Amino acid sequence: RRVSKGKFAVAAVTLDDYLPMRSTEVKNRTSTDGIKSLRLITAVKTPYLPDGRFDLEAYDSLINTQINGGAEGVIVGGTTGEGHLMSWDEHIMLIGHTVNCFGANIKVIGNTGSNSTREAVHATEQGFAVGMHAALHVNPYYGKTSTEGLISHFKEVLPMGPTIIYNVPSRTSQDIPPPVIEALSCYSNMAGVKECVGHERVKCYTDKGITIWSGNDDECHDSRWKYGATGVISVASNLVPGLMHSLMFEGENAALNEKLLPLMKWLFCEPNPIGLNTALAQLGVVRPVFRLPYTPLPLEKRVEFVRIVEAIGRENFVGQKEAQVLDDDDFVLISRY
């Protein structure tokens, strides 16, 4: 769309919502205790324009929806947000954009982890420089290291600010064992762990007073109410933030958990974020644009999603349009961007 000289395109959010943080807020950011208290953190999707660039208008709408739905924090550029498909320039820009536009209303946790300690240190410095409230750090993947190497890697980034360590062996091919987390727990900036191994590991840490967020949507209800987790870092909350807020804040609710399980299992029928990307496109919330190597779920799964939306109730999902079964030709796959 062309914009005449001296005019600006209509903002994606209203002026009341779009309030940049004051310099004192950026400087003060958030204490580690302020991060530890968060119960619902959304690993937010990054939407794209047809040429593969970020669709910031759709992104701003997604963040506003999370704020209105009760999410207390967002992970920017995580696995769900496809940080691994971004240049570091894109990555830090998106963290800074999120802080500037929404940092007064939601905690911004930047995924600045890397399998290279040098990259993790540099990206984390930049992330905190643009005002993020906390960092998310995965253990070094592919080029795996020793237990002592894991501890040394995390020790390099922990002094910079509040930090969540992310343990997801299914992606890194290396578990972060309890002795590593226990060795790091004495650091004042150690906010806690996003743990994907399961309930027993969650209880192992919560019994020691270490803050844990479930990294598995389908386990988060029981992790929260039976095993002591503080909350969840969620993919499903991109779609149903209000229901995920209820699941984390309103006590045990086996019926609601059971109602949401088909959606959670559908989201992970293929590696995340394939399911989420497909779902948000079907809801008309983002354009049906995929950065390769991700491709949409097949037609039968897209039909299944519409049925899941009907079963849970369209009013509980983000967006205003009815869920559609998109054709294969509706999707745009981008390899160069």
Side-chain angles (χ1 to χ4, degrees), residues 1-5 7-15 17-18 20 42-68 74-103 106 108 110-111 123 126-127 130 132 235 237-239 241 267 270-297 302 305 317-337:
R1 180 173 54 177
R2 294 180 63 88
V3 181
S4 61
K5 187 175 181 180
K7 301 290 185 181
F8 295 90
V10 176
V13 290
T14 66
L15 288 176
D17 293 324
Y18 195 92
T42 298
V44 70
K45 151 75 176 166
T46 306
Y48 304 115
L49 295 167
D51 61 4
R53 292 178 299 130
F54 295 161
D55 184 347
L56 290 179
E57 183 174 356
Y59 179 81
D60 289 353
S61 180
L62 283 174
I63 299 293
N64 265 326
T65 301
Q66 292 304 310
I67 293 169
N68 293 334
V74 288
I75 304 290
V76 178
T79 305
T80 306
E82 301 177 15
H84 47 288
L85 302 187
M86 299 177 188
S87 69
W88 278 115
D89 286 343
E90 287 181 312
H91 209 133
I92 299 303
M93 180 280 289
L94 192 61
I95 292 171
H97 171 83
T98 311
V99 171
N100 189 51
C101 298
F102 305 102
I106 198 166
V108 179
N111 170 34
Q126 291 183 313
V130 298
M132 70 183 184
V235 176
S237 56
N238 280 275
L239 299 171
L267 280 169
E270 293 285 356
N272 180 53
I274 294 169
L276 177 64
N277 292 353
T278 305
L280 287 170
Q282 288 188 249
L283 292 170
V285 175
V286 303
R287 290 175 169 87
V289 178
F290 283 63
R291 281 185 175 183
L292 288 169
Y294 296 121
T295 59
L297 288 178
R302 302 198 295 265
F305 176 68
F317 284 77
V318 297
Q320 303 298 322
K321 298 178 180 178
E322 291 302 315
Q324 301 177 51
V325 179
L326 298 176
D327 295 327
D328 290 345
D329 291 342
D330 291 327
F331 293 93
V332 178
L333 308 182
I334 304 291
S335 62
R336 301 174 68 91
Y337 45 84

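When a residue number appears, it is its place in the shown sequence, counting from 1. Predicted, not measured: the structure shown is a model, and the values here were computed from it.
- Atom CG of Asp51 has more than 12 neighbouring heavy atoms from other residues, nucleotides or ligands inside a 6.0 Å radius.
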Result block: side-chain N/O donor-acceptor pairs under 3.5 angstrom for residues 330-337, not counting sequence neighbours:
residue : atom : partner : partner atom : Å
Asp330  : OD2  : Asp327  : N            : 2.8
Tyr337  : OH   : Leu85   : O            : 3.1

Subject >> Derivation and outcome, side chain to side chain contact (heavy atoms under 4.5 Å, CB included), residues Leu276 and Leu239 >> reply: CA-CA 8 Å; Leu276 177 64; Leu239 299 171; 3.8 Å; yes
Original post:
Going through the distances and angles, do Arg287 and Tyr48 end up as a side chain to side chain contact (heavy atoms under 4.5 Å, CB included)?
Top reply: CA-CA 7 Å; Arg287 290 175 169 87; Tyr48 304 115; over 6 Å; no
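- Not a single salt bridge (charged side-chain N to carboxylate O under 4.0 Å, His left out) links Glu270 to another residue, sequence neighbours left out.
- Not a single donor-acceptor pair under 3.5 Å links the side chain of Asp60 to the backbone N or O of Glu57.
- A donor-acceptor pair under 3.5 Å is absent between the side-chain atoms of Thr46 and the main chain of Glu82, judged by distance alone.
- Taking both residues in full, the closest heavy atoms of Ile274 and Thr295 are given as CG2-O, 3.2 Å, listed atom of the first, atom of the second, then distance.
- The shortest side-chain heavy-atom distance between Leu49 and Val289 does not fall under the 4.5 Å cut-off.
- Defined by atom type and a distance below 3.5 Å, a donor-acceptor pair is present between the side-chain atoms of Asn272 and Thr80.
- With sequence neighbours excluded, the residues satisfying ring-ring contact (aromatic ring centres under 6.0 Å, His included) with Phe305 are Trp266.
- Using a 4.5 Å cut-off on side-chain heavy atoms (C-beta onward), Asn277 and Lys45 make contact.
- When all heavy atoms of Ala123 and Trp88 are compared, the closest pair comes out as CB-CZ3, 3.3 Å.
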